[in-house]
Amino acid sequence: SQQGEEDPQALSIQEGENATMNCSYKTSINNLQWYRQNSGRGLVHLILIRSNEREKHSGRLRVTLDTSKKSSSLLITASRAADTASYFCAAGTNSGGYQKVTFGTGTKLQVIP
Amino acid sequence: SQTIHQWPATLVQPVGSPLSLECTVEGTSNPNLYWYRQAAGRGLQLLFYSVGIGQISSEVPQNLSASRPQDRQFILSSKKLLLSDSGFYLCAWSVFSLRRDFYGYTFGSGTRLTVV
(Lines give C-alpha, C1' and ligand atoms only; values in the text may rest on other atoms or scores of the structure.)
Protein backbone atom coordinates (compact mmCIF):
# COMPACT_ATOMS: atom_id res chain seq x y z
CA SER A 1 0.00 0.00 0.00
CA GLN A 2 1.09 3.59 -0.55
CA GLN A 3 2.98 5.06 2.38
CA GLY A 4 2.38 8.63 1.23
CA GLU A 5 -0.94 10.02 0.10
CA GLU A 6 -1.21 13.55 -1.24
CA ASP A 7 -4.11 15.88 -0.92
CA PRO A 8 -5.55 17.39 -3.06
CA GLN A 9 -5.18 15.17 -6.11
CA ALA A 10 -5.39 18.22 -8.36
CA LEU A 11 -5.00 21.95 -7.73
CA SER A 12 -5.52 24.88 -10.07
CA ILE A 13 -4.43 28.39 -9.05
CA GLN A 14 -3.64 31.74 -10.60
CA GLU A 15 -0.06 32.85 -11.10
CA GLY A 16 1.20 34.69 -8.03
CA GLU A 17 -0.96 32.75 -5.57
CA ASN A 18 0.41 30.28 -3.06
CA ALA A 19 -0.05 26.54 -3.54
CA THR A 20 -0.27 24.14 -0.60
CA MET A 21 -0.10 20.39 -0.94
CA ASN A 22 -0.47 17.92 1.90
CA CYS A 23 0.88 14.45 2.44
CA SER A 24 -0.04 11.82 5.01
CA TYR A 25 1.88 8.66 5.76
CA LYS A 26 1.22 5.56 7.81
CA THR A 27 4.33 4.38 9.66
CA SER A 28 7.34 5.94 11.39
CA ILE A 29 9.80 7.48 8.98
CA ASN A 30 13.38 8.78 8.91
CA ASN A 31 12.69 11.48 6.36
CA LEU A 32 10.05 12.88 4.04
CA GLN A 33 10.95 13.98 0.54
CA TRP A 34 9.16 16.03 -2.08
CA TYR A 35 9.66 15.61 -5.79
CA ARG A 36 8.39 17.37 -8.87
CA GLN A 37 7.57 15.74 -12.20
CA ASN A 38 6.91 17.58 -15.41
CA SER A 39 4.70 15.71 -17.85
CA GLY A 40 6.49 12.73 -19.36
CA ARG A 41 9.74 13.42 -17.55
CA GLY A 42 11.68 11.97 -14.64
CA LEU A 43 11.20 13.16 -11.08
CA VAL A 44 13.31 15.98 -9.68
CA HIS A 45 14.17 16.06 -6.00
CA LEU A 46 13.01 19.30 -4.37
CA ILE A 47 13.61 19.01 -0.67
CA LEU A 48 14.13 16.47 2.13
CA ILE A 49 13.08 17.01 5.71
CA ARG A 50 14.35 14.66 8.42
CA SER A 51 12.16 13.26 11.16
CA ASN A 52 13.79 15.49 13.80
CA GLU A 53 13.05 18.65 11.79
CA ARG A 54 9.77 20.54 11.78
CA GLU A 55 10.21 23.04 8.99
CA LYS A 56 12.56 23.60 6.08
CA HIS A 57 12.87 26.27 3.40
CA SER A 58 14.39 26.25 -0.06
CA GLY A 59 13.80 29.32 -2.20
CA ARG A 60 10.02 29.62 -2.68
CA LEU A 61 9.43 26.22 -1.11
CA ARG A 62 8.47 25.65 2.51
CA VAL A 63 8.03 22.16 3.89
CA THR A 64 6.64 21.25 7.29
CA LEU A 65 6.62 17.89 9.02
CA ASP A 66 4.39 16.83 11.91
CA THR A 67 5.46 13.37 13.02
CA SER A 68 2.71 13.20 15.66
CA LYS A 69 0.10 13.55 12.93
CA LYS A 70 2.17 11.67 10.34
CA SER A 71 1.73 14.49 7.88
CA SER A 72 3.73 16.95 5.81
CA SER A 73 2.90 19.96 3.71
CA LEU A 74 4.61 21.64 0.77
CA LEU A 75 3.97 25.33 0.22
CA ILE A 76 5.01 27.02 -3.00
CA THR A 77 4.84 30.79 -2.63
CA ALA A 78 4.26 33.28 -5.45
CA SER A 79 3.57 30.51 -7.96
CA ARG A 80 4.63 30.78 -11.58
CA ALA A 81 3.31 29.11 -14.72
CA ALA A 82 6.56 27.12 -14.79
CA ASP A 83 5.55 25.49 -11.47
CA THR A 84 2.87 23.53 -13.34
CA ALA A 85 3.75 19.89 -12.68
CA SER A 86 2.89 16.92 -10.50
CA TYR A 87 4.29 16.91 -7.00
CA PHE A 88 4.99 13.72 -5.06
CA CYS A 89 5.80 13.13 -1.44
CA ALA A 90 7.94 10.14 -0.54
CA ALA A 91 8.43 8.61 2.89
CA GLY A 92 11.88 7.26 3.67
CA THR A 93 12.73 4.60 6.26
CA ASN A 94 16.04 2.90 6.95
CA SER A 95 16.09 -0.69 5.76
CA GLY A 96 19.49 -2.33 6.13
CA GLY A 97 21.87 -0.73 3.66
CA TYR A 98 19.40 1.42 1.82
CA GLN A 99 16.58 3.86 2.24
CA LYS A 100 13.19 2.28 1.60
CA VAL A 101 11.26 5.08 -0.08
CA THR A 102 7.55 4.83 -0.79
CA PHE A 103 5.89 7.39 -3.04
CA GLY A 104 2.41 8.82 -2.92
CA THR A 105 0.15 9.19 -5.95
CA GLY A 106 0.89 12.89 -6.39
CA THR A 107 -0.82 16.26 -6.64
CA LYS A 108 -1.25 17.71 -10.10
CA LEU A 109 -0.70 21.47 -9.90
CA GLN A 110 -1.79 23.82 -12.67
CA VAL A 111 -0.70 27.45 -12.46
CA ILE A 112 -2.72 29.65 -14.79
CA PRO A 113 -0.83 32.65 -16.22
CA SER B 1 29.00 16.27 -10.77
CA GLN B 2 26.80 13.21 -10.70
CA THR B 3 24.65 12.38 -13.70
CA ILE B 4 22.38 9.51 -14.57
CA HIS B 5 21.66 8.30 -18.06
CA GLN B 6 18.71 6.17 -19.04
CA TRP B 7 17.81 4.91 -22.48
CA PRO B 8 15.94 4.57 -24.70
CA ALA B 9 13.44 7.38 -24.08
CA THR B 10 10.57 5.57 -25.79
CA LEU B 11 10.09 2.00 -26.84
CA VAL B 12 7.29 0.14 -28.59
CA GLN B 13 7.58 -3.63 -28.35
CA PRO B 14 5.29 -6.48 -29.37
CA VAL B 15 3.92 -8.90 -26.78
CA GLY B 16 6.32 -11.79 -26.23
CA SER B 17 9.43 -9.88 -27.27
CA PRO B 18 12.43 -9.39 -24.95
CA LEU B 19 13.28 -6.16 -23.17
CA SER B 20 16.50 -4.51 -22.06
CA LEU B 21 16.59 -1.06 -20.49
CA GLU B 22 19.89 0.34 -19.36
CA CYS B 23 20.83 2.92 -16.77
CA THR B 24 24.29 4.26 -15.96
CA VAL B 25 25.47 6.67 -13.30
CA GLU B 26 28.51 8.93 -13.52
CA GLY B 27 30.38 10.89 -10.90
CA THR B 28 29.80 8.68 -7.88
CA SER B 29 30.86 5.28 -6.65
CA ASN B 30 28.97 2.47 -4.92
CA PRO B 31 25.55 4.05 -5.38
CA ASN B 32 22.28 2.39 -4.48
CA LEU B 33 20.37 1.85 -7.71
CA TYR B 34 16.64 1.51 -8.24
CA TRP B 35 14.11 0.68 -10.93
CA TYR B 36 10.63 2.14 -10.55
CA ARG B 37 7.54 1.84 -12.74
CA GLN B 38 4.87 4.49 -12.98
CA ALA B 39 1.45 3.68 -14.41
CA ALA B 40 -0.41 6.53 -16.11
CA GLY B 41 -1.49 9.15 -13.57
CA ARG B 42 -0.23 7.09 -10.65
CA GLY B 43 2.56 7.04 -8.13
CA LEU B 44 5.76 5.09 -8.40
CA GLN B 45 6.10 1.39 -7.71
CA LEU B 46 9.52 0.10 -6.69
CA LEU B 47 10.49 -2.89 -8.83
CA PHE B 48 14.13 -3.60 -7.92
CA TYR B 49 16.92 -2.11 -5.89
CA SER B 50 20.62 -2.87 -5.65
CA VAL B 51 23.17 -1.97 -2.96
CA GLY B 52 26.15 -3.41 -4.86
CA ILE B 53 27.42 -5.33 -7.89
CA GLY B 54 25.44 -8.51 -8.39
CA GLN B 55 23.14 -7.70 -5.44
CA ILE B 56 19.53 -7.39 -6.59
CA SER B 57 16.42 -7.28 -4.45
CA SER B 58 12.96 -7.56 -5.91
CA GLU B 59 10.01 -5.79 -4.36
CA VAL B 60 7.28 -7.09 -6.61
CA PRO B 61 7.14 -10.55 -8.22
CA GLN B 62 6.61 -10.10 -11.94
CA ASN B 63 7.72 -10.74 -15.46
CA LEU B 64 10.83 -8.59 -15.09
CA SER B 65 14.37 -9.08 -13.81
CA ALA B 66 17.28 -6.77 -13.06
CA SER B 67 21.03 -7.08 -13.12
CA ARG B 68 23.97 -4.96 -12.01
CA PRO B 69 27.03 -6.12 -13.91
CA GLN B 70 29.11 -3.07 -12.96
CA ASP B 71 29.08 -0.66 -10.04
CA ARG B 72 27.31 2.11 -11.96
CA GLN B 73 25.25 0.09 -14.43
CA PHE B 74 21.74 -1.21 -13.81
CA ILE B 75 19.76 -3.19 -16.37
CA LEU B 76 16.07 -4.05 -16.44
CA SER B 77 15.13 -7.06 -18.57
CA SER B 78 12.33 -9.30 -19.60
CA LYS B 79 12.39 -12.47 -21.66
CA LYS B 80 8.80 -12.10 -22.86
CA LEU B 81 6.87 -8.87 -22.49
CA LEU B 82 3.21 -8.79 -21.47
CA LEU B 83 0.68 -6.08 -22.24
CA SER B 84 0.64 -5.25 -18.53
CA ASP B 85 4.35 -4.36 -18.66
CA SER B 86 3.49 -1.09 -20.42
CA GLY B 87 4.36 1.96 -18.38
CA PHE B 88 6.94 4.61 -17.60
CA TYR B 89 10.14 3.10 -16.21
CA LEU B 90 12.44 5.20 -14.11
CA CYS B 91 15.96 4.50 -12.91
CA ALA B 92 17.27 6.30 -9.84
CA TRP B 93 20.33 6.37 -7.62
CA SER B 94 21.10 7.44 -4.09
CA VAL B 95 24.06 7.35 -1.78
CA PHE B 96 24.64 4.18 0.22
CA SER B 97 22.92 5.29 3.38
CA LEU B 98 24.98 3.35 5.95
CA ARG B 99 28.06 5.38 5.07
CA ARG B 100 26.69 8.73 4.09
CA ASP B 101 23.63 10.83 4.80
CA PHE B 102 20.72 10.19 2.48
CA TYR B 103 19.67 13.26 0.51
CA GLY B 104 17.03 11.77 -1.76
CA TYR B 105 16.97 10.16 -5.15
CA THR B 106 18.30 11.38 -8.46
CA PHE B 107 16.14 10.07 -11.26
CA GLY B 108 16.86 9.39 -14.90
CA SER B 109 14.63 10.87 -17.58
CA GLY B 110 12.59 7.69 -17.93
CA THR B 111 11.62 5.21 -20.64
CA ARG B 112 8.08 5.12 -21.97
CA LEU B 113 7.39 1.46 -22.81
CA THR B 114 4.35 0.50 -24.84
CA VAL B 115 3.71 -3.19 -25.35
CA VAL B 116 1.44 -3.84 -28.33
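To find a chain, count down the sequence lines: A is the first, B the second, and so on, and within it residues start at 1.
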For the student: nearest non-hydrogen atoms of A/Gln33 and B/Tyr105, plus distance =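 Looks like OE1-N, 4.2 Å.
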request  = Please name the pair of heavy atoms, one in A/Arg50 and one in B/Phe102, separated by the smallest distance, quoted to 0.1 Å.
outcome  =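 Where A/Arg50 meets B/Phe102 most closely, the heavy atoms are NH2-O, 3.0 Å.
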Answer with yes or no whether the hydrophobic clustering places [X] together with [Y]; edges join I, L, V, M, F, W, Y residues whose side-chain heavy atoms lie under 4.5 Å apart.
{"X": "B/Leu113", "Y": "B/Val15", "result": "yes"}
{"X": "A/Val44", "Y": "A/Leu74", "result": "no"}
{"X": "B/Ile75", "Y": "B/Leu90", "result": "no"}
{"X": "B/Leu76", "Y": "B/Leu83", "result": "yes"}

request  = Pick one of side chain, backbone, both or neither for A/Gln9, based on which atoms fall under 4.5 Å of a heavy atom in chain B.
outcome  =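 No part of it gets close to chain B.
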request  = Check whether A/Val101 gets within reach of chain B through its side chain, its backbone, both or neither, counting any heavy atom under 4.5 Å.
outcome  =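 Both backbone and side chain.
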request  = Return the option, out of A/Leu43, A/Asn31, A/Ile47, A/Leu48, with the maximum number of heavy-atom pairs under 4.5 Å with chain B.
outcome  =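 Top count of heavy-atom pairs under 4.5 Å with chain B: A/Leu43.
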ask   = So how far is it from B/Tyr49 OH to A/Lys100 NZ, rounded to the nearest 0.5 Å?
value =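 Taking OH in B/Tyr49 and NZ in A/Lys100, the distance rounds to 7.0 Å.
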message = Please report the interatomic distance CZ(B/Phe107) to CZ(A/Arg41), rounded to the nearest 0.5 Å.
response =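 Between atom CZ of B/Phe107 and atom CZ of A/Arg41 there are 14.5 Å.
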query = Where on B/Gln6 is there a heavy atom nearer than 4.5 Å to chain A: the side chain, the backbone, both, or neither?
reply =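 Neither; nothing under 4.5 Å.
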